[in-house]
2 protein chains.
Amino acid sequence: MTIGEIARRARVSRSTVSYALSGKRPVSEATRLRIQRVIDEMGYQPNASARALARGETRTLGLVFPPASTHYTDMQLDFIGGLVDAAAVRDYDVLMSPGGAEDRTFHRLIGERRVDGAILMEIRLQDARVDRMRATGFPFVTIGRTAQPDGTSWVDLDHGRLVQHCVQHLAQLGHRRLALVNRSEELIRAGYESARRGQDGFERALAEHELTGRSYQCGDDAASGEACVERILSDDPGVTGIVTLNEAALGGLYRGLGTAGREIPRDMSVTGIVGSRWAEAVTPALTAADVPSREMGRIAIDLLLERIGPSAAPLRHRLLTPPISLRASTGPAAP
Amino acid sequence: MTIGEIARRARVSRSTVSYALSGKRPVSEATRLRIQRVIDEMGYQPNASARALARGETRTLGLVFPPASTHYTDMQLDFIGGLVDAAAVRDYDVLMSPGGAEDRTFHRLIGERRVDGAILMEIRLQDARVDRMRATGFPFVTIGRTAQPDGTSWVDLDHGRLVQHCVQHLAQLGHRRLALVNRSEELIRAGYESARRGQDGFERALAEHELTGRSYQCGDDAASGEACVERILSDDPGVTGIVTLNEAALGGLYRGLGTAGREIPRDMSVTGIVGSRWAEAVTPALTAADVPSREMGRIAIDLLLERIGPSAAPLRHRLLTPPISLRASTGPAAP
DNA sequence: TTGAAAGCGGTACCAC
DNA sequence: GTGGTACCGCTTTCAA
């Protein structure tokens, strides 16, 4: 079923059908109705590829994220959900593209103009994908910000400040010896921004509150979390407060503490930056800064559409600092 | 940068450039090299929309899933990850489309021919989307199967059998009074197939082993899990075994049991069908049939590409029955 | 108010 | 081995 077919049956030209559909030119009520009848009868819908070619826009947005070496985290996945839903509301589809800057699929997305704009996840402080995108002038938004965040649109959590808040919370409860459970060594070495900025925030906060503490790298799974607790306690059995950036290791962290005979929050306070689903799944429920993943997805879409549209983009970025939700995993330090 | 531009610079016709790229017609080594040089210089990549229009295929697959009323479960999201990765390996992109049969985005995907084929998630026993797809003759694969599974391609977990295995496992440990923690009331009422077939399997298994038991509907979150435990124990304090289909409520289930003073597995054995990430996150780790979400994604892609390609599709469906991974949450019933 | 026709950027058939 | 050209299906300018 093509527009030509519709035109023939409605005894008008193809252009008239097109205009009847788009409304970009007045069409007499009589012919409009006649055309609409035929369209409904035939169940016609314009071909997206043809339209994209003619209009020069695809009404599709790209989501670029690194291939999952192991698993995606809940945060990432909720974020994707929020993003896709938000795009759908605005009549955009989302094309998923695993792959880094050198990747085939990345080339496909941008180079072949499969999408009108892109969202980049899992940003590193130095990020080749961002550099490439800037060079091409292609509209894009990042989740997370590079070391030079000006000149790009982004939405990000203020991991530095959030970790500081967590430390502050523990400090106010009287804890003096802390540990930070960060993401995996590879991610940190790769310059993964949330891990790096979280770590910086931890160190700053320790200095500020005159506390002692140490950072640990930890894989994104329960077993790593368990192992991490062992390291923490063997390095310094006097630790009474843990801040975690590692959602997927949380269950293991709890188990490790249980195995070591440390009860939460009596013997050990735990807090961190974690999606609410995980925070509420563990017992005792985790006092944490809840990651507003879905909202971040929505914001990313808004920022991107701003840059795609004809209007100048007034707001370029959003730095979020969600409050700490008090649950049950932190308590006063033993005197 | 268009193919015409490349042709001009390489002093050949557009068709020659096209053939040099596709290899569908021999091109002399000399001109091939000349063309390639220009292409590399200019960084040319063919426009996807134009190519899709000319070839009549988009090299894009659609993923249709209901909009997240609340959250996606881990299973769903891991599944998406596996699917996207598998598609990328085969040089396909994946277009995400939240929305049911009546939805705008569903129309867009199929009607506008944005994709060459589609994968439908969250299948119901009677599913309007499946009916529509079959009517259009559009290639598609479902995750989960309808009440009449013949004539469609699908990949599914054998929830009925898996629940039976879980019950059997508990029966062998001497448990006589069981409870099934299913998904939410809405989902079950909507005819959500895994929930329905799981429930059927539970009832069959109870009869087979001459056990008593009861099914519970439970929302996809920790709080619902906690509430569900209360209901179970107030209905029958003698229950010593729980089978759960509800991944997202698992943490709450554990907490509820803890609150009720039931220790796992001493006072209560728990098992079910759950992704390994969740199974390993809880303490004690859950003995469960691990949902192979990522692999299911891969299989779905394979099945779909089979149906899209020119070759006849030999295999139409895959019913998976992963083994129960023994962990730490089940034990013998008290004598 | 409507129609004809020239694009959009490729592909592939028909010639030579 | 290569060039010319008619498509693919839709949008939009130009003309009537």
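Sequence lines set the chain letters: A, B, ... in the order given, protein chains first and strands last, and positions in each chain run from 1.
- For the salt bridge (charged side-chain N to carboxylate O under 4.0 Å, His left out) condition, the pairs that include at least one residue of residues 41-51 of chain A, sequence neighbours left out, are Arg37(A)-Glu41(A).
- The environment of CZ in Arg113(A) is sparse: at most 12 heavy-atom neighbours from other residues, nucleotides or ligands sit within 6.0 Å.
- For the pair Arg124(A) and Tyr192(A), the NZ or CZ position fails the cation-pi test of under 6.0 Å to the six-membered ring centre and within 45 degrees of the ring normal.
- Asp116(B) and Thr58(B) are linked by a side-chain donor-acceptor pair at a separation below 3.5 angstrom, with hydrogens and angles left out of the test.
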Polar-atom pairs under 3.5 Å, protein N or O versus N or O of nucleotides 8-10 of chain D: list them with distances, or write none.
unit_1: dC8(D); atom_1: O2; unit_2: Ala54(B); atom_2: N; d: 3.4
unit_1: dG9(D); atom_1: N2; unit_2: Ala50(A); atom_2: O; d: 3.4
unit_1: dC10(D); atom_1: OP1; unit_2: Tyr44(A); atom_2: OH; d: 2.6
unit_1: dC10(D); atom_1: OP1; unit_2: Asn47(A); atom_2: N; d: 3.0
unit_1: dC10(D); atom_1: OP2; unit_2: Ile3(A); atom_2: N; d: 2.4
unit_1: dC10(D); atom_1: N4; unit_2: Arg14(A); atom_2: NH1; d: 3.1
unit_1: dC10(D); atom_1: N4; unit_2: Arg14(A); atom_2: NH2; d: 3.2

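- Annotation: Arg90(B), atom CZ; neighbour count of heavy atoms from other residues, nucleotides and ligands within 6.0 Å is above 12.
- Smallest separation of non-hydrogen atoms from Pro98(A) and Val84(B): CD-CG1, 3.5 Å.
- Nucleic acid contact for Val17(A): none, since no nucleic acid atom lies under 4.0 Å from a heavy atom of the residue.
- Protein chain B touches strand DNA chain C; the 5'-most and 3'-most nucleotides with an atom under 4.0 angstrom of its non-hydrogen atoms are dG9(C) to dC14(C).
- Using a 4.0 Å cut-off on heavy atoms, the residues of residues 19-29 of chain A that approach DNA chain C are Arg25(A), Pro26(A), Val27(A), Ser28(A), listed by number.
- Sorted by first and then second residue, the salt bridge (charged side-chain N to carboxylate O under 4.0 Å, His left out) pairs with a member in residues 22-31 of chain B read Glu29(B)-Arg32(B); sequence neighbours excluded.
- For the pair Thr16(B) and Arg11(A), both in contact range of DNA chain C, the more 5′-proximal nearest nucleotide belongs to Arg11(A).
- Comparing the end axes of the helix from dT1(C)-dA16(D) to dC16(C)-dG1(D), each fitted to five base pairs by superposing C1' atoms of four pairs onto the next four, gives an inter-axis angle of 40° (nearest 10 degrees).
- Side chains of Gln76(A) and Phe65(A) form no contact here, defined as non-hydrogen atoms less than 4.5 Å apart.
- Under 3.5 Å, the side chains of Ser15(B) and Ser18(B) contain no donor-acceptor pair of N or O atoms.
- Ion pairing between a basic and an acidic side chain is recognised when a charged N comes within 4.0 Å of a carboxylate O; Arg8(B) and Glu5(B) show such pairing.
- A donor-acceptor contact under 3.5 angstrom links the side chains of Ser28(B) and Thr31(B), judged on distance only.
- The pair Asp78(A)-Arg294(A) does not meet the salt-bridge criterion, since no charged nitrogen lies less than 4.0 angstrom from a carboxylate oxygen.
- In this structure, Arg318(B) places its CZ atom where only 12 or fewer heavy-atom neighbours from other residues, nucleotides or ligands lie under 6.0 Å away.
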